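Notes to accompany the following structure.
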Amino acid sequence: MRSEQVYKALTRIPNRFRLCQATARVTRVTHMPQTRTEDTVNNVLGDISKGKHGDVFGPVEIKPTPALDIITF
């Protein structure tokens with residue numbers, strides 16, 4: 001059952017909100033159009049509980065906003 005997979009994945013990512021984010025991100029990347037989304041989510045939760053996909057929350061590059069004199073109206 002999926003609830004068992006969620007509890008196993010919570011051992012790797014204890015914050016439920018972060019687990020949900022990680023599952024959604026990895027599902028978007030690994031989903032194949034020929035398969036059911038439910039199967040992909042189950043596979044992702046299994047992978048997370050095994051320790052794969054640990055770098056889901058890597059650093060995000062934030063670009064600075066342009067200077068006001070560059071913006072033209």
Side-chain angles (χ1 to χ4, degrees):
M1 298 211 57
R2 185 174 294 163
S3 60
E4 294 173 5
Q5 293 176 330
V6 169
Y7 285 119
K8 288 180 184 177
L10 281 171
T11 60
R12 297 291 180 165
I13 303 175
N15 186 330
R16 289 176 187 238
F17 180 74
R18 300 278 281 193
L19 177 62
C20 184
Q21 283 183 329
T23 304
R25 287 181 184 181
V26 176
T27 299
R28 267 187 246 118
V29 172
T30 60
H31 181 65
M32 303 292 278
Q34 300 86 4
T35 60
R36 297 183 327 150
T37 307
E38 296 88 346
D39 295 336
T40 305
V41 171
N42 289 338
N43 292 336
V44 167
L45 286 171
D47 289 346
I48 289 174
S49 65
K50 293 176 186 172
K52 298 179 183 178
H53 309 298
D55 58 347
V56 174
F57 295 108
V60 177
E61 181 181 339
I62 299 174
K63 297 179 181 178
T65 57
L68 291 177
D69 59 343
I70 296 175
I71 299 175
T72 58
F73 294 98

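Just so it is clear, the model here is predicted, and its values are computed rather than measured. Only heavy atoms go into these numbers, but all of them, side chains included; no hydrogens, no water, no symmetry mates.
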Check against side chain to side chain contact (heavy atoms under 4.5 Å, CB included), T23 and L19
CA-CA 6 Å; T23 304; L19 177 62; 4.0 Å; yes
Criterion side chain to side chain contact (heavy atoms under 4.5 Å, CB included) on R2 and Q5, from CA distance to verdict
CA-CA 5 Å; R2 185 174 294 163; Q5 293 176 330; 4.2 Å; yes
Start with the C-alpha distance between V26 and D47, add both sets of side-chain angles, then the distance that settles side chain to side chain contact (heavy atoms under 4.5 Å, CB included), and finish with yes or no.
CA-CA 10 Å; V26 176; D47 289 346; over 6 Å; no
Show the numbers, then the answer: is there a side chain to side chain contact (heavy atoms under 4.5 Å, CB included) between T30 and N43?
CA-CA 10 Å; T30 60; N43 292 336; over 6 Å; no
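None of D39, V41, T37 except one satisfies the side-chain contact (heavy atoms from CB on, under 4.5 Å) rule with H31; the exception is T37.
Shown here for R18 and I13, the closest heavy-atom pair between the two residues is CB-CG2, 3.8 Å. For A9 against L45, the heavy-atom pair with the smallest separation is CB-O, 4.0 Å.
One hydrophobic cluster, built from ILVMFWY side chains closer than 4.5 Å, cannot hold both V44 and V29; they sit in different ones.
Under the 4.5 Å side-chain criterion, counting only non-hydrogen atoms from C-beta, L10 is in contact with R16.
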